[in-house]
Amino acid sequence: MRENGSSTQKTLTPFAQIEKKWQQHWEENGVFHTRTDADRQRFYCLCMYPYPSGELHMGHMRNYILGDVIARWHVMKGENVLHPMGFDSFGQPAEQAAIERKTHPAAWTYECIDRMKIQFRRLGISYDWSRELNTCLPEYYRWDQWFFLQLLKEGIAYKKKAPVNWCPKCEIVLADEEIVGGKCWRCDGEADRKDLEQWFYRITAYADRLLQELDLLEEWPERVRTMQAEWLGRSEGVEFNMPLAEGDGDIAVFTTRVDTTWGITYMVLAPEHPLVEKLIKGRPEEASVRAYLEKVSRKSELERISEEVREGVFTGAYAINPANEEKVPVWVGDYVLPQYGTGAIMAVPAHDQRDFEFAKANNLPIRVVIQPEGENLDPQTMTEAYIDSGVQVNSGVFDGLGNEEAKVKIAEWMEESGIGRRKVNWRLRDWLVSRQRYWGAPVPIIYCKKCGTVGVPEDQLPVILPEDAPFTGKGGSVLEQMPEFINTTCPKCGGPARRDTDTLATWTYSSWYYLRFASPKADKIFEREAVDSWLPVDQYIGGIEHAVLHLLYSRFYCKVMQDLGLVGFPEPFRRLFTQGMIYKDGAKMSKSRGNVVGVDEMCDTYGADSARCFILFMGPPEQDAEWRDAGVEGIYRFLGRLWRVVTTHLEHYDPKWSEKIAAATVTEAGQILRRKTHQTIKRVTADLERFHFHTAISALMELVAQMRELQEESKEPADLLVLSEACENLVKLLSPFAPHMAAELWEKLGEKDELCFVSWPTWDEAIAKEETITLVIQINGKVRDRISVEAGLPQEKLEEIAHNSPKIQTHLKGRAVKQTIVVRDKLVNIVV
RNA sequence: GCCGAGGUGGCGGAAUUGGUAGACGCGCUAGGUUCAGGACCUAGUGGCCGCAAGGCUGUCGGGGUUCGAAUCCCCGCCUCGGCACCA
């Protein structure tokens, strides 16, 4: 056995040979091929597919091991299980890596994929590789391009020049969802803004449904739903116009606090507001405003956010408050965001903290219009804005109303008098999908001088990404330097035309890959029938980091597809499980930190089954966990004990135990094991249902301990039958967790059926039931005695037993019993 | 700052409905086995007092509800996560 592995290989069980043998067996016999038997229920178990970044470490593997246990378990429950895997293989890290290694992103990517597939196989993950998909292959990405064209037809895909997030380090544009705290999600560098012409998907048109249909996702973690709702950021308010004091024109503002309209003392435009230029033209303030705009434009997004003093300048212009006809100054300030609402605000310093700070910094007046009950706010002495509710004052005819009521009344009045209208605003903005990068699917668009922007005709798809590109990994589209790619003919007029040189963001491929798995070879985006039979995904498993990125995009795709009649359901993932991360030495496992635990080193030393069980045994899978090498030993020793207890029993194993056991006279010790066996089946099944794999494994440990005890104690023929029953069930229960060892033991037991397909065991409630219970006797809630009694005794009997206990009698001496509480089969509490 | 989750031995964690706190594992201690190491086996292991029987105490801190609270309620502390000029 030693000759097969490294010198550190443990030798408790011959795992190296076993694992190799069964991995080969499963593969040769197509055991993991998706079954589609008509009479079985279908179950789609999917783990978020990985980006092929090279090595997978044990931290990554948690996800896949969880999924594998679930998938294997459902197969044993007799279901048709779809358990596929693929690779999210387009994206910029491949470009970076390729440059570093002086190779091509494609070559690097395929190499990584090969390595990762070997690792999946080594851990015994039961993927149906005949359904593998790979997003960087034309046969996959052509459908991404196809879908782009459908979105173009629907007006969901569109191009616009807009200020977009730009990461100078990665030299790439970023979607809003890719910005984390003003920084690039990948490199953690500060992100800038840049004005660029880009492709967007109109996800905002689906904001309402994305929010409302979160309610359909009952089996999603609350946390993820909350994060999505916050990201969508629905807010109700009123939009109205503030006319300019001189000349015509007006400035639209959005507010959620229309009740504070009478408190406006100034207004503020975002520096990027298109009206700024017009307002300042020819005024004395022009120079100072320009200087301010210049200063702001040099600030990064992060600097703008973290500014301590609220800076701004007066434009010289005035606007009219339509509520009271008052003239208020128009300022420019960078605390107003260009992308939200109208890019301009009414400022009510008395009742908005940001406006308050701005007013204080710039010496602007403050007027109270909401007075809290029993108080008298004075602008002179206020130290912060009053943002809670109260009674309207200084608000004309609305004075005296509660502000919540006034909100409604004022909105109605504005609508009736044509001043404004109620509006719902969203934080969500349209999704930026184009990237000026090489390693992606080209945007299937052709620009013709005569015909304008033309979609590539569907029969000309895919637009193949040329492999011989002179890519450097530097910014700017590589495809832009390839005349042979760019120059083409217009599909409409046949004249000379140019191809779009951008590629699609990686998120677009992952937004529908789960659909492709239903019919991965289809000569269309997918077979409707296959999709209808397998989807929505019954169990989706992945990291929390995708709570608003991948999971929001995928929901959006699914809804669009539903509207296009491509699918018949609004939500792609019925049940979601988000697993916690694995840390080591206090940090997330990563190659750069040098704290990774490799799949190979684990498998070499302890074997795949130990690696799997250890990951599962670490704790609740939704929680983060710290990797401690010492813990693996414990699991490894357990598997060794399990191996020995079963192999020791082999010579006595009787496959016909179930026929004989009823007639046999089982000893007391044998009864205990029988009970334990049935209890264990029950517990493991329940634990699998609630994703408590660690307690399922503890249950197996307890069973093994009990088996060893009987094995030591008794050689009675009846007890050997009990041990046979325990062995058979133990091996079945073990199968999803440690499939190699389970398969080997199954074979050693002489069983011929494929263990992976054997029915999940059931328990007999009558056998599982305890015959005796430990009756706890308390006095005033304190445990004073424990007595083993027959289960199911009536209340009166239990009370009698309790009072007869000598220990209890000692305690009760000279005290009057006030009350006795009896919980059947549990305890008696005597109150004195 | 706002929102959410959580706080249980030396450590990871159990405790399904308010009913024996600490299952299971790691570590540690003692003993056995072994040429030795490893592995394996047996016993012990929340704290305090006690030779022992046993007692007291104990689930972040403080209050409350209850015959009974790790579990429910209120206040506070701490940790982690999300959001953070969204008008």
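Numbers restart at 1 for each chain; the letters A, B, ... are given by sequence-line order, proteins then strands.
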Q: Assess the side chains of A:Ser235 and A:Asn425: does a donor N or O sit below 3.5 Å from an acceptor N or O?
A: no
Q. Contact class for A:Val831 (heavy atom, under 4.0 Å): base, sugar-phosphate, or nothing?
A. sugar-phosphate
Q | Residues A:Lys797, A:Glu799: salt bridge by 4.0 Å N-O rule | A | no
Q | Watson-Crick/G-U partner (both atom distances under 3.5 Å) of B:G54 | A | B:C49
Q) Between the base of B:C85 and the side chain of A:Arg310, is there a donor-acceptor distance below 3.5 Å? A) yes
Q | Ring centroid separation A:Phe358 to A:Tyr266 under 6.0 Å | A | yes
Q.
Only pairs with both distances under 3.5 Å count, Watson-Crick or wobble alike; so what is the partner of B:G44 in this structure?
A. B:C28
(Q) In whole Å, I'd like the distance from the CG atom of A:Leu616 to the P atom of B:G13. (A) 15 Å
Q: Could you measure between the two C1' atoms, the one in B:G10 and the one in B:G47, and give it in whole Å?
A: 13 Å
Q: Starting at atom CD of A:Glu222, determine the distance to atom P of B:G82, rounded to an integer number of angstrom.
A: 17 Å
Q.
What's A:Val336 touching, base or sugar-phosphate or nothing? Going by heavy atoms closer than 4.0 Å.
A. base
(Q) Would you say A:His694 places a side-chain N or O within less than 4.0 Å of OP1 or OP2 belonging to B:A14? (A) yes
Q | Between A:Gln339 and A:Glu272, a side-chain donor and acceptor under 3.5 Å | A | no
**Q.** Pairing of A:Arg675 and A:Glu771 as salt bridge, 4.0 angstrom limit
**A.** yes
Q.
Using atom P in both nucleotides, what's the gap between B:U29 and B:G22 to the nearest angstrom?
A. 24 Å
Q | Comparing A:Ile345 and A:Ile635 on RNA chain B - which has the more 5′ nearest nucleotide | A | A:Ile635
Q) Of all the choices, B:C24, B:A14, B:A87, which nucleotide is nearest to the side chain of A:Pro620 once you look at every atom? A) B:A14
Q) Is the phosphate of B:G13, meaning OP1 or OP2, less than 4.0 Å from a side-chain N or O of A:Gln623? A) yes
Q.
I'd like the P distance from B:A36 over to B:C24, given in whole Å.
A. 32 Å
(Q) On RNA chain B, does the nearest nucleotide to A:Gln819 precede the nearest nucleotide to A:Ala686 from the 5' side, or the other way round? Give the residue. (A) A:Ala686
Q. Within the structure, does a side-chain N or O atom of A:Arg637 lie under 4.0 Å from either OP1 or OP2 of B:G27?
A. yes
Q) So does A:Arg427 get a side-chain nitrogen or oxygen closer than 4.0 Å to the phosphate oxygens (OP1/OP2) of B:A84? A) yes
Q | Counter-base of B:A87, judged by Watson-Crick or G-U geometry with both distances under 3.5 Å | A | none
Q: State whether A:Ser235 places a side-chain N or O below 4.0 Å from either non-bridging phosphate oxygen (OP1 or OP2) of B:A87.
A: yes
Q) When rounded to the nearest Å, what value does the distance between P atoms of B:A14 and B:C72 take? A) 16 Å
Q.
I'd like the P distance from B:C77 over to B:C67, given in whole Å.
A. 32 Å
Q.
Measuring centre to centre across the rings, with the benzene-like ring taken for any Trp, is A:Phe691 within less than 6.0 Å of A:Phe693?
A. yes
Q) Taking CD1 from A:Ile544 and P from B:G82, how many angstroms apart are they, rounded to a whole number? A) 9 Å
Q: For B:C80, give its Watson-Crick or G-U wobble partner with both distances under 3.5 Å, or none.
A: B:G4
(Q) Ring centroids only, cut at 6.0 angstrom: are A:Tyr583 and A:Trp627 within range, meaning strictly under it? (A) no
Q | A:Glu230, nearest nucleotide to its side chain (from B:U20, B:G82, B:C24) | A | B:G82
**Q.** Geometric cation-pi criterion, A:Arg427 with A:Trp231: 6.0 Å, 45°
**A.** yes
Q | Side-chain N or O of A:Arg628 closer than 4.0 Å to phosphate OP1/OP2 of B:G25 | A | no
Q.
Between P on B:G18 and CD on A:Gln778, what's the gap in Å once rounded to a whole number?
A. 16 Å
(Q) Pairing donors with acceptors under 3.5 angstrom, does anything connect the side chains of A:Trp763 and A:Glu765? (A) yes
Q. Which one is paired to B:U34, where only Watson-Crick or G-U wobble pairs with both distances under 3.5 angstrom count?
A. none
Between the protein and nucleotides 52-56 of chain B, which nitrogen or oxygen pairs come in under 3.5 angstrom?
unit_1, atom_1, unit_2, atom_2, d
B:C56, OP1, A:Arg784, NH2, 3.1
B:C56, OP2, A:Arg784, NH1, 3.0

Q.
Say we look at B:G7 and B:C60: how far apart would their C1' atoms be, to the nearest angstrom?
A. 6 Å
